[in-house]
2 protein chains.
Amino acid sequence: MTIAPRKQKILAAVIENYIACGEPVGSKTLQNSEDLNVSSATIRNELADLTLKGFLIQPHTSAGRIPTEQGYRYYVDNILEAREPDDGVKRYIENKLQSSFDAPERILKSAGEILSELLSTVAVATTPPGEDARVHRIKFVQTGRYTSMLVLITSSGMVKSRLFRCDFDITPEMLNVFDRSLNEALAGRPLSCVNQPFAQTFAASFGELGLLMPDMLTAVMDACFEASGINIYTSGTTRLLYQSDLDLVSARSILEFLGSESECEKTLGNVPDGTNIYIGRENPSPLLRRSSLISARYTIENQPAGTLALIGSMRFDYKKAVSIIEFTAKTVSQLISELVRKG
Amino acid sequence: MTIAPRKQKILAAVIENYIACGEPVGSKTLQNSEDLNVSSATIRNELADLTLKGFLIQPHTSAGRIPTEQGYRYYVDNILEAREPDDGVKRYIENKLQSSFDAPERILKSAGEILSELLSTVAVATTPPGEDARVHRIKFVQTGRYTSMLVLITSSGMVKSRLFRCDFDITPEMLNVFDRSLNEALAGRPLSCVNQPFAQTFAASFGELGLLMPDMLTAVMDACFEASGINIYTSGTTRLLYQSDLDLVSARSILEFLGSESECEKTLGNVPDGTNIYIGRENPSPLLRRSSLISARYTIENQPAGTLALIGSMRFDYKKAVSIIEFTAKTVSQLISELVRKG
DNA sequence: AATTAGCACTCGCTTGCTTAGAGTGCTAAT
DNA sequence: ATTAGCACTCTAAGCAAGCGAGTGCTAATT
């Protein structure tokens, strides 16, 4: 559906005003604040029409208009034009991100913090899913008489470590056996192969010696499982309680969403490439149906990787958010790609 | 200050009733619900006196009484008697904790979750401070062409790992040099020695070769710093928004407290041994001055170690909380001590 | 045909008032 | 020392009135 230019201008004005002030916008306010050279009566006619078409609603007869989800949607699709952030902001983002330029995880954590800070809202960053990664190498480091650390290096360059404890004295020879046999069996195999059946067959193939392995194998499975999932970094939870226009119910839902690893993973993992905005009921996750989710995928070597996201009420400063999240995602993509290229 | 037995009984009744219902308690309620064989007028006289003495207040003339901080304090000091939790609860706690019986960190994380779940409130668990720990051993694992992992093992048996990245190809020989020289210099030295000056002197003593070390040394410093601080595990943040009697301001403060590493560390690190209750303004941290903090230290080999804590409104079910947190702390102490003993 | 001035209308918010009810403190009797 | 009784205080809830913001409609104007 397209809308006549003036109507569109009025819709934009209502939405931007509402986003800025949080109060229903009336015809007089619009007449004063925008360069619409028409009378308030004309504006009222237009408003009535926009309301009829479902872009705006009136909380009650004697109130101004506020946007509906459909209104926001139109605004986001047809009116909002992406802009780059100010130079100062860009520099700020680049500097902050570069200062954690050693491991992808730290870059992502920083990215979340930056977004949360610049937009005063909750931000989430996920690591790339490692589902199709493979085992590159597994190493062991003895850390105590009964304990060792296992280091898993995946084909995508991720490193996970895990401690394990045995009932018996660990000897270097034993670790050597573990190391050699495990790498022989697993190098190049997908992480998802490293499961319970594998562990059993593997241990069984060693006969007596296999009885010493369960603790070690559990650690291997844990590490592979963790490496094949995604990590989720959340920032700015506190800000949730400072958002004036967020009712308790929405705030709780959002907190619940953030608290549920699986819900986050499902939602943020299935977001399409590029920047995306989900408004209210458009949200895939039921817990966010009263809020807005703005997501941006970052890429590694031009391949879609993980997700950055912002969560807040539907009354969101979409313009600012989109410009900042897009720029951040672009910068994250560059930095992580560079890291990966270097190996 | 001591209080006559009947008065004390009435005070206890008011507080327990208020904790249970969250509403001011009047003389008639008390007469009906407690086995006080006196008239409501008598109770009123007592209430008036308790109010005068500062243990109770009236929100307004025609309301019942609610406890003051002083009231809670008296209750907690003189009336509350510690009880063990029910057998079912005890078994639940023990089972849950034993299932994460491999690393102290996991036990503590579990402990926080258990507390938060059983008491429907926010729970925090801290690892023991490693401040007086020493470097036991440092090991290196190559993870990529330019990246390696450093594994720090402390005298207290803690293991920290850290990735680092160099600008040059890492060779096994180089790691060998790092390994030998670092361990020679640091084994047995306190973690706090591993600081900037040390790094500089150390690098300098290698001349040319020292120029290759900064990234590695930063990682070592980071790991030592992290190992010398405490880790903080928070559970049940979401529940904060479900506590009916917590106003927005307190909820925000608590979230802010939990969000501030330093504030948490300062507060929970300086808690005295055993179980402790801080009510409202008694709290060392200004952010908790409208809330209650219940802390319990756990011990390792009978030495005070880290802290378990509960945070909620002053209207807290202290009786249940104390019994559960004490039992949990005791169990945690046993399990971690056992781990440490085994090495 | 589009715009606009004007006006009656709606409805939420505030204020002021009243009432019911809970709980008190005090007094006089036990 | 306790208690019955009562007057008193104060909140919460309900209701009516007035205000004001903002509307939709109509008739006049461009």
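Hydrogens, waters and symmetry mates are skipped; everything else that's a heavy atom, side chains included, is used. All chains are named by letter (A, B, ...) in the order of the sequence lines, taking the proteins before the strands, and each is independently numbered beginning at 1.
In terms of phosphate contacts, A:Arg6 brings a side-chain nitrogen or oxygen within less than 4.0 Å of OP1 or OP2 of C:dT3. One finds a side-chain N or O of A:Thr42 lying less than 4.0 angstrom from the OP1 or OP2 phosphate oxygen of C:dT4. At the phosphate of D:dA21, neither OP1 nor OP2 sits under 4.0 Å from any side-chain N or O atom of A:Arg65. A:Ser40 has no side-chain polar atom (N or O) that falls below the 4.0 Å cut-off from OP1 or OP2 of C:dT4.
Under the Watson-Crick or G-U wobble criterion, with both distances below 3.5 Å, C:dA29 is paired with D:dT2. For C:dT24, the paired nucleotide is D:dA7, the pair qualifying as Watson-Crick or G-U wobble because both relevant distances are below 3.5 Å.
The side chain of B:Ser39 lies closest to D:dA4 when the candidates are C:dG25, C:dT4, D:dA4. Of the listed nucleotides (C:dG12, D:dG24, C:dG25), C:dG25 has the atom at the smallest distance from the side chain of B:Gln58. When distances run from any side-chain atom of A:Val38 to the nucleotides C:dT4, D:dG5, D:dT2, the shortest one goes to C:dT4. Side-chain atoms of A:Ser62 lie closest to D:dG20 of the nucleotides C:dT24, D:dG20, D:dT23. Considering only side-chain atoms of A:Ala48, the nucleotide from C:dC26, D:dG24, C:dA5 that sits closest is D:dG24.
The nearest pair of heavy atoms linking A:Tyr18 to A:Val25 is N-CG2, 3.9 Å.
The NZ atom of B:Lys319 sits 9.0 Å away from atom CD1 of B:Ile19, with the distance rounded to the nearest 0.5 Å. Note that OH of A:Tyr278 is 5.5 Å distant from OG of A:Ser295, once rounded to the nearest 0.5 Å.
Distance CG (B:Asp49) to P (C:dC26): 12 Å, rounded to an integer number of Å. Atom CG in B:Asn37 sits roughly 16 Å away from atom C1' in D:dA1 (whole-Å rounding). As a whole-Å value, the separation of A:Leu30 CG from D:dA21 P is 16 Å.
One N or O on the side chain of A:Ser116 and one on the backbone of A:Thr121 form a donor-acceptor pair closer than 3.5 Å.
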Derivation of the salt bridge (charged side-chain N to carboxylate O under 4.0 Å, His left out) call for A:Lys53 and A:Asp49 | CA-CA 6 Å; A:Lys53 292 214 174 82; A:Asp49 197 45; 2.8 Å; yes

